[in-house]
Amino acid sequence: MSDLIDSDGFRSNVGIVLMHREQVFLGRRTGGRGWQFPQGGVRAGEAPEQALYRELDEEIGLGQSQVELIGHTGGWLRYRLPSRYIRRNQHPVCIGQKQRWFLLRLKSAEAQFDFGRTAEPEFDQWRWAPYWEPVREVIYFKRPVYARALEELSSLAFPQGPPALPPWWDKVTARGGHRLASAPAH
């Protein structure tokens with residue numbers, strides 16, 4: 001099955017924010033190429049929620065029964081790939097991703113992560129990180145979508161109010177002189 005790329009060149013994708021207590025899962029990309037949330041493409045004929053559970057199993061070895069689905073972003077969040085990452089020899093050409101983000105809570109602290117579910121594992125290490133930290137850790141061109149996803153999901157993750165934004169937030173989320181909408185500081 002192939003991934004879905006829309007007429008504008010955006011690949012349909014799911015992003016996974018996995019929480020345990022107040023922290024989120026971050027995986028180190030194989031070979032030490034940065035840290036990110038689990039994510040992956042939506043295949044033809046697959047609903048985003050189906051892709052969520054397939055990617056959860058493939059990338060970190062967790063099954064649907066090990067997590068609780070808390071919610072998801074209301075729509076697709078998009079980011080463009082820098083030109084050096086665009087594979088112009090593929091058709092259709094993918095210029096970026098449109099992502100539906102899902103918020104999951106781990107049911108048991110005893111869960112074991114398994115990165116060996118595929119021939120080319122996405123991650124080789126993992127850690128729990130403070131809620132806002134992934135915005136600073138992810139590759140630069142994904143930062144705006146990470147910020148938007150975490151902001152949108154924060155009221156579901158923290159019904160009593162999200163944690164205060166870190167001191168570095170404004171600098172890291174600024175893009176072209178325009179600041180992203182931010183979650184309220186508490």
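Everything quoted here is computed from the prediction, not taken from an experiment. What you see below is based on every heavy atom in this structure, not just the backbone, and it leaves out hydrogens, waters and symmetry mates.
- L104 places none of its side-chain heavy atoms less than 4.5 Å from the side chain of V17.
- V24 has its side chain within reach of F37: a pair of non-hydrogen atoms, C-beta onward, lies under 4.5 Å apart.
- Using a 4.5 Å heavy-atom threshold, the side chains of W126 and L26 count as separate.
- With respect to E59 and R29, no salt bridge is recorded, no charged nitrogen being found less than 4.0 Å from a carboxylate O.
- Contacts classified as side-chain hydrogen bond (donor to acceptor under 3.5 Å, both in side chains) and involving residues 60-79 (residues at least two apart or in different chains) are given here: Y79-Q97.
- A salt bridge links R54 and E46; the closest N-O separation between the charged side-chain nitrogens and carboxylate oxygens is under 4.0 Å.
- Ion pairing between R148 and E151 fails under the 4.0 Å rule for side-chain N and carboxylate O.
- Screening V14, N13, V42 for a side chain to side chain contact (heavy atoms under 4.5 Å, CB included) with E55, the sole residue that qualifies is V14.
- Counting only residues at least two apart or on different chains, the salt bridge (charged side-chain N to carboxylate O under 4.0 Å, His left out) pairs with a member in residues 94-105 are D6-K98.
- Within 6.0 Å of CZ in R87 there are 12 or fewer heavy atoms belonging to other residues, nucleotides or ligands.
- Taking the six-membered ring for Trp and thresholds of 30 and 60 degrees, W128 and H20 have ring planes inclined between 30 and 60 degrees apart.
- The existence of a salt bridge linking E137 and K142 is excluded, since no basic side-chain nitrogen approaches an acidic carboxylate oxygen closer than 4.0 Å.
- The six-membered or imidazole ring of Y146 lies near that of W101, with a centre-to-centre distance under 6.0 Å.
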